[in-house]
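Here's the structure we're looking at; comments come further down.
To find a chain, count down the sequence lines: A is the first, B the second, and so on, and within it residues start at 1.
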Amino acid sequence: MRARTFAQAIHEGLAQAMAEDPRVCLMGPGVPGPTGIFGTTTGLAERFGAERVMDMPSSEQAMTGFALGATLDGYRPVVVHMRVDFAVLAMDQMVNQVAKWHFMYGGRLRAPIVFRLIVGRGWGQGPQHSQSLQAWFAHVPGFKVAMPASPRDAKGLLVAAIRDDSPVVLVEHRWLYGLSGDVPETLYETPLGVARIARPGRHATVAATSYMVIEALRAADRLAALGIEIEVVDMRSLVPLDVSTLCESVARTGHLVVADTGSVAFGAGAEIAATAAERAFAHLRRAPVRIGLPHYPSPTAPALADAYFPRAVDIERALATLLDVDPARLPAEDPPHGRWRDTPDPSFRGPY
Amino acid sequence: MRARTFAQAIHEGLAQAMAEDPRVCLMGPGVPGPTGIFGTTTGLAERFGAERVMDMPSSEQAMTGFALGATLDGYRPVVVHMRVDFAVLAMDQMVNQVAKWHFMYGGRLRAPIVFRLIVGRGWGQGPQHSQSLQAWFAHVPGFKVAMPASPRDAKGLLVAAIRDDSPVVLVEHRWLYGLSGDVPETLYETPLGVARIARPGRHATVAATSYMVIEALRAADRLAALGIEIEVVDMRSLVPLDVSTLCESVARTGHLVVADTGSVAFGAGAEIAATAAERAFAHLRRAPVRIGLPHYPSPTAPALADAYFPRAVDIERALATLLDVDPARLPAEDPPHGRWRDTPDPSFRGPY
Amino acid sequence: MSRAAPLPELFASMLRIRRIEEAIARRYPEGEMRCPVHFCIGQEAVPAAVCGQLARADRVFSGHRSHGHYLAKGGDLVAMLAELYGRETGCARGRGGSQHLIDLDAGFVASAPILAGTIPIAVGAALSATWRRSRSVSVVFFGDGATEEGAFHESMNFAAARRLPVLFVCENNAYSVHSPMAGRQPAGRRIADMGKAYAMPAAHADGNDVAAVWRTAAEALARVRGGDGPCLLEFETYRWLEHCGPNPDDALGYRASEEVDGWRARCPIERLRREGVPGEAQERALEAKFAAEIEAAFAAARAAPMPDPRDLGAFVHPGRG
Amino acid sequence: MSRAAPLPELFASMLRIRRIEEAIARRYPEGEMRCPVHFCIGQEAVPAAVCGQLARADRVFSGHRSHGHYLAKGGDLVAMLAELYGRETGCARGRGGSQHLIDLDAGFVASAPILAGTIPIAVGAALSATWRRSRSVSVVFFGDGATEEGAFHESMNFAAARRLPVLFVCENNAYSVHSPMAGRQPAGRRIADMGKAYAMPAAHADGNDVAAVWRTAAEALARVRGGDGPCLLEFETYRWLEHCGPNPDDALGYRASEEVDGWRARCPIERLRREGVPGEAQERALEAKFAAEIEAAFAAARAAPMPDPRDLGAFVHPGRG
Ligand SMILES: Cc1ncc(C[n+]2csc(CCOP(=O)(O)OP(=O)(O)O)c2C)c(N)n1
Ligand SMILES: Cc1ncc(C[n+]2csc(CCOP(=O)(O)OP(=O)(O)O)c2C)c(N)n1
Ligand SMILES: [Mg+2]
Ligand SMILES: [Mg+2]
């Protein structure tokens with residue numbers, strides 16, 4: 001095992017992809033800066049030059065167009081937004097131009113751009129800095145959308161995205177950045193559109209995205225003590241959606257809980273649940289259940305945020321109901337490492 | 001019956017709401033212009049003055065902020081976008097500010113703004129002028145979202161939206177503008193969040209939005225000849241979603257087809273289908289089916305557009321499969337009024 | 001130094017655009033070109049004079065009113081008409097229509113109707129041109145209305161900050177659909193004055209005087225090509241027909257008829273003709289040539305096949321490159 | 001004519017902001033203010049001198065670095081601290097945190113961290129003020145980075161086109177997070193020069209010279225109040241601490257230490273002190289007063305209740321108004 005953090009895995013993927021292909025370039029405010037997008041781009045400007053690792057003004061809309069224009073000369077830009085929320089300013093260029101670029105000129109142009117959108121949860125990121133809008137991008141024809149949940153996939157999906165000729169939106173969750181795991185040294189791909197059985201099990205399926213995979217694995221761990229075997233499917237991509245892995249798992253278990261990082265209503269989980277209802281209807285023994293954010297903006301105060309963001313315990317409760325387990329038998333939730341649950345682990349320090 | 005077109009109904013709703021409440025004002029490029037947003041605003045500037053019926057520069061993003069700022073003085077702006085696609089330029093102000101305005105200042109501010117977003121389908125509107133992005137707005141906490149399908153509701157939902165203290169997104173489909181129907185003269189509301197049984201039936205439910213209600217009614221008409229009774233539920237609002245009307249209908253019929261004007265994938269139909277799967281699971285005899293746009297951008301050429309946009313015939317086929325009706329028994333589709341099906345009725349003339 | 005305006009060629013270029021637009025307008029009511037079309041009749045001088053001095057490798061971008069730019073840059077006429085007719089042989093294979101013209105061989109990269117949408121893309125192309133140490137420049141055409149969009153500012157700012165080889169060309173026809181400038185933009189300043197916000201050289205000229213457009217563009221292009229960074233040009237001109245579609249719209253009353261008549265009298269083609277350019281015989285020859293070309297082009301476009309509905313899903317995602 | 005700068009009052013206003021920010025910085029590492037905080041230490045002159053000459057009915061808007069603007073406009077200190085502590089008694093009831101300050105009684109309408117996000121809102125408030133024939137003006141504060149956003153341009157354009165009563169105030173501290181101006185904005189022009197793009201009067205001054213800020217703002221406010229339309233002001237200043245958080249960040253190396261030291265030497269408070277304002281005794285009295293006020297405010301804020309998690313869904317949709 002070659003242990004690397006999620007952030008290091010992204011860094012390595014970027015460095016290797018840039019070394020492999022001189023057309024790969026990075027753009028975004030702060031990308032070449034001293035803190036290097038949470039450490040994921042540090043030193044790359046020094047190594048590959050300021051032309052390929054570009055600082056940018058705060059002009060999210062036009063920056064997207066700059067990247068698109070550069071594809072005309074064969075470049076393959078990776079555009080970075082420190083918060084998903086900032087990409088909201090770029091929706092016109094992303095949706096009206098980039099996503100449709102190949103199609104609307106009859107295949108004569110391509111837009112091989114990767115958008116790294118970071119979900120900024122925790123420490124009071126609040127209403128304008130912690131949205132999780134993957135469902136938007138997945139809804140727009142032309143994009144591929146991936147959401148890595150492990151260091152290995154953080155690198156592998158990034159490399160696959162960079163090599164793909166479609167525009168790809170990568171949603172990276174800040175709470176995964178410190179997570180450590182096995183990351184091969186080679187330049188490998190995690191194919192877009194292929195889910196992963198993160199943990200096999202036979203009593204129920206939890207189909208999860210991004211950071212919710214970690215919470216699902218925690219839930220599975222804790223339910224194992226009760227003899228309940230949960231299968232955790234890390235969806236990895238929303239577009240293409242791996243319908244067969246999802247439905248085969250549901251066919252094995254008969255139960256589905258979907259856990260996504262975004263709002264439940266009209267969210268990614270709706271597509272996953274609806275797909276399972278359509279394609280694995282005969283196998284579903286009970287109604288599918290969705291876990292995610294309630295239909296409220298993201299609050300800042302930790303007293304509210306702790307109640308807002310779903311955790312393993314919410315998944316456990318949903319599974320208990322599905323599987324007729326007396327909720328009283330569920331293990332008590334671990335206490336937070338401090339007073340609040342708004343930071344991912346004890347070593348994390350504010351400001352953010 | 002007081003027959004008015006959908007466009008006239010909007011006009012009347014605006015005029016009456018402005019007469020009732022001097023705080024209601026309209027903004028948007030072309031709003032006071034000679035063609036008056038497809039006739040929905042004609043003459044209002046003359047009647048209510050240029051201050052309340054404001055032309056605007058093409059600055060969609062900032063225009064949204066102007067409307068929001070005006071709410072500080074108690075105004076209730078109705079912001080008009082001639083195409084949904086133009087609102088994409090305003091997503092930052094709409095989503096990061098307007099939708100969260102009341103919440104993120106702890107209830108001290110309100111954003112009673114109505115956004116009229118027009119879906120520009122047909123006559124080669126093409127990739128950048130015919131998107132139907134209601135699922136986006138419905139996914140963002142803070143908005144209410146409504147989609148009138150009849151002249152009566154075009155007025156009633158508009159009036160309800162104007163009087164509501166939340167920001168409300170109204171999605172208006174161009175192909176409904178010429179539709180005629182009964183429109184009461186009084187200033188009435190169609191309550192947000194209440195669906196309507198547009199046609200009762202007992203064999204299957206079609207839950208439809210906006211223009212797809214018309215196609216669903218056509219399908220129901222044609223299937224009636226085979227003795228099949230389809231219940232058409234006009235969802236009318238996405239947020240709040242009328243879960244009980246939906247689920248009660250499914251409980252009666254046991255079958256659900258969802259027909260939405262947008263892309264199927266991660267679309268409004270996913271939420272409706274998932275909700276039915278969750279809340280009416282025991283009543284569903286077969287898997288729900290979704291009808292909508294394939295996951296491709298909108299093509300311009302009529303030869304492609306005719307295949308792209310779903311019609312009654314697609315709903316009929318889905319119902320036939322659900323109800324074990326031999327598709328050969330389905331009535332043949334009516335021929336188009338011209339060579340193509342890219343205009344709503346024979347009296348329609350280009351350019352658009 | 002740049003050469004003097006080649007007036008006979010510019011005349012030919014303008015006349016060709018005019019005749020093509022007129023032919024489209026004539027056939028549009030047949031209902032076979034089933035997409036919105038924005039005619040540039042009356043505005044031909046700017047495309048002719050600006051594109052007339054570009055190399056093939058220079059890249060042109062435009063918006064909804066793009067026929068003139070496409071044609072003047074050398075875009076294929078049959079492919080454009082086929083696009084309007086929704087044919088598989090259209091320049092965008094029928095997927096885009098009149099508002100999505102493209103001819104990469106001619107260096108006409110892309111037009112698109114979302115206002116200001118192609119402006120940042122043109123800047124990006126200029127950026128990557130500098131990476132490649134290429135000498136090609138980006139030229140982007142847009143209307144007065146498009147300058148109201150934030151993307152215009154973001155693009156101007158970045159192009160100036162990085163001194164990129166972009167020529168920003170505003171065709172100011174005084175209206176955005178039916179809205180006049182008053183209330184949309186500040187009084188007492190020209191659009192060209194916005195260059196000052198970015199320390200960007202800018203110039204303004206009569207957009208119906210093809211020689212003036214030529215000179216103004218020549219100077220700006222010399223700067224841009226010389227590596228001195230971007231320039232902004234504003235040309236005042238006027239659209240003769242309705243905003244979208246083939247008819248006059250004087251009945252709507254948003255433009256005073258004296259104003260419309262005044263501008264019609266300032267026809268850029270007629271202006272040269274009055275100066276004796278190119279001469280009657282030459283003009284007759286041009287008319288005959290264009291008439292034949294246009295007729296043949298319409299015939300070819302109309303004979304071309306429609307896209308196959310089974311290919312609806314083509315070009316959504318490219319194969320691996 | 002406006003009165004001369006009331007230096008002792010401005011000193012007091014700046015010192016108060018400084019001491020409050022220092023107190024927050026001191027307690028921030030305790031980990032009880034759990035939200036990102038952007039300190040304005042070093043930049044106190046602009047909020048003090050601009051807000052110091054506003055009426056309560058004038059409406060102020062700001063961005064992420066808003067403490068100074070809120071306090072100088074008369075925002076309630078306890079409510080601000082309670083907001084940082086995530087308390088139900090916070091000015092935004094804990095929903096917003098440091099980046100969403102509000103005090104409607106004081107005419108501090110809203111701050112929000114999305115860059116340039118409040119600029120159009122301020123313009124809209126000015127628009128509706130004209131509808132009401134009110135004499136209140138909108139003042140919006142933003143950084144140099146925010147001027148790169150398209151919404152800035154769209155707002156300037158519209159405010160100028162309609163001659164709205166808005167004062168645009170740019171605090172140019174030469175950095176956007178860690179990025180210097182070079183490469184982000186054109187060389188050879190000031191941000192104030194952007195006024196020319198909109199025929200909008202603009203001025204530039206040393207943002208660490210509180211008297212200069214006062215004079216510059218006074219002139220502009222007289223114009224804006226007089227119905228002559230908007231003005232743009234640019235004040236050069238400097239942030240002493242890291243972009244976000246309570247510590248210096250000299251170790252990151254993006255700012256030369258001579259530069260940081262040079263600006264620290266140009267402390268706006270020290271500058272007045274050197275000129276003998278307000279005098280030692282007065283200063284001691286102010287220090288004592290602020291220390292007591294701040295201690296009491298922290299105590300009150302910390303004693304206040306947390307929001308009840310059962311109220312998570314409150315304020316998503318208002319009741320009918
Ligand atoms: C973002 C956006 N908003 C609105 C429109 C609708 N629209 C199409 S053309 C046009 C007028 C543009 O005026 P101008 O840029 O001056 O070009 P002109 O039509 O005068 O050539 C408008 C508002 C659009 N296409 N895109
Ligand atoms: C739309 C958007 N993009 C990016 C950011 C991230 N961001 C927060 S503060 C900041 C720097 C802004 O610089 P400036 O406007 O000069 O203000 P300063 O911090 O220097 O006071 C950036 C880029 C943001 N908040 N919003
Ligand atoms: Mg124009
Ligand atoms: Mg700054």
Side-chain angles (χ1 to χ4, degrees), chain A residues 22-23 25 27 49 51-52 54-77 79 89-90 92-93 95-113 141-144 160 163-168 192-193 239-240, chain C residues 59 61 83 88 90-97 99-104 109-132 134 136 138 149-159 161-162 164 166 307 313-321:
Chain A
R23 302 169 307 169
C25 56
M27 333 182 146
E51 226 167 55
R52 288 181 66 197
M54 292 191 93
D55 205 6
M56 281 279 151
S58 292
S59 307
E60 286 81 2
Q61 186 81 278
M63 173 171 72
T64 313
F66 305 156
L68 184 54
T71 66
L72 293 167
D73 283 315
Y75 292 95
R76 308 178 74 83
V79 173
L89 283 77
D92 169 42
Q93 284 289 323
V95 168
N96 286 331
Q97 308 292 354
V98 172
K100 303 168 175 44
W101 197 240
H102 186 59
F103 180 89
M104 72 189 171
Y105 299 105
R108 304 198 201 276
L109 296 169
R110 294 176 177 210
I113 305 175
F143 284 124
K144 296 182 180 176
R163 289 182 179 165
D164 201 287
D165 267 359
S166 290
V168 182
L192 297 164
V239 181
Chain C
R59 293 186 282 207
F61 300 79
E83 189 60 31
E88 182 67 25
C91 57
R93 293 202 174 91
R95 272 67 181 176
Q99 305 192 92
H100 293 281
L101 300 185
I102 174 169
D103 188 336
L104 292 176
V109 178
S111 60
I114 289 285
L115 286 182
T118 54
I119 301 178
I121 305 171
V123 172
L127 175 66
S128 58
T130 66
W131 293 342
R132 289 190 303 123
S134 142
S136 98
S138 283
E149 295 287 0
F152 169 71
H153 162 71
E154 296 182 3
S155 301
M156 295 278 288
N157 176 63
F158 186 74
R162 305 288 168 105
L164 299 178
V166 197
F315 311 125
V316 179
H317 293 286
R320 274 214 165 180

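The contact between A:Q97 and chain C is made entirely by side chain atoms (from C-beta outward), counting heavy-atom distances below 4.5 Å. Interface residue A:Y75: only side-chain heavy atoms are found under 4.5 Å from chain C. Neither the backbone nor the side chain of C:I119 comes within less than 4.5 Å of any heavy atom of chain A. At a 4.5 Å heavy-atom cutoff, C:A126 makes no contact with chain A through either its backbone or its side chain. Heavy-atom distances place no part of C:F152 under 4.5 Å from chain A, backbone and side chain included.
Shown here for C:R162 and A:D55, the closest heavy-atom pair between the two residues is NH2-O, 2.9 Å. Taking all atoms of both residues into account, the shortest heavy-atom contact from C:S111 to A:Y105 is O-OH, 2.6 Å. The heavy-atom pair separating A:M56 from A:M63 by the smallest distance is CG-SD, 3.5 Å. Taking all atoms of both residues into account, the shortest heavy-atom contact from C:E154 to A:F66 is O-CZ, 3.9 Å. For A:E60 against A:A90, the heavy-atom pair with the smallest separation is O-CB, 3.4 Å.
Taking 4.0 Å as the cut-off between side-chain N and carboxylate O, C:R132 and A:E51 do not count as a salt-bridged pair. A:R23 and A:D73 are not joined by a salt bridge, as no carboxylate oxygen comes within less than 4.0 angstrom of a charged side-chain nitrogen.
Ranked by heavy-atom pairs under 4.5 Å with chain A, the list C:C91, C:G90, C:A161, C:G94 is led by C:C91. Considering only heavy-atom pairs separated by less than 4.5 Å from chain A, the leading option among C:G117, C:A122, C:A151 is C:G117. Contact tally against chain C (heavy-atom pairs below 4.5 Å) for A:K144, A:R52, A:K100: the top residue is A:K144. Ranked by heavy-atom pairs under 4.5 Å with chain C, the list A:G65, A:P57, A:P141, A:P112 is led by A:G65. Chain A forms the most heavy-atom pairs under 4.5 Å with one residue out of C:I114, C:L127, C:V123, and that residue is C:I114.
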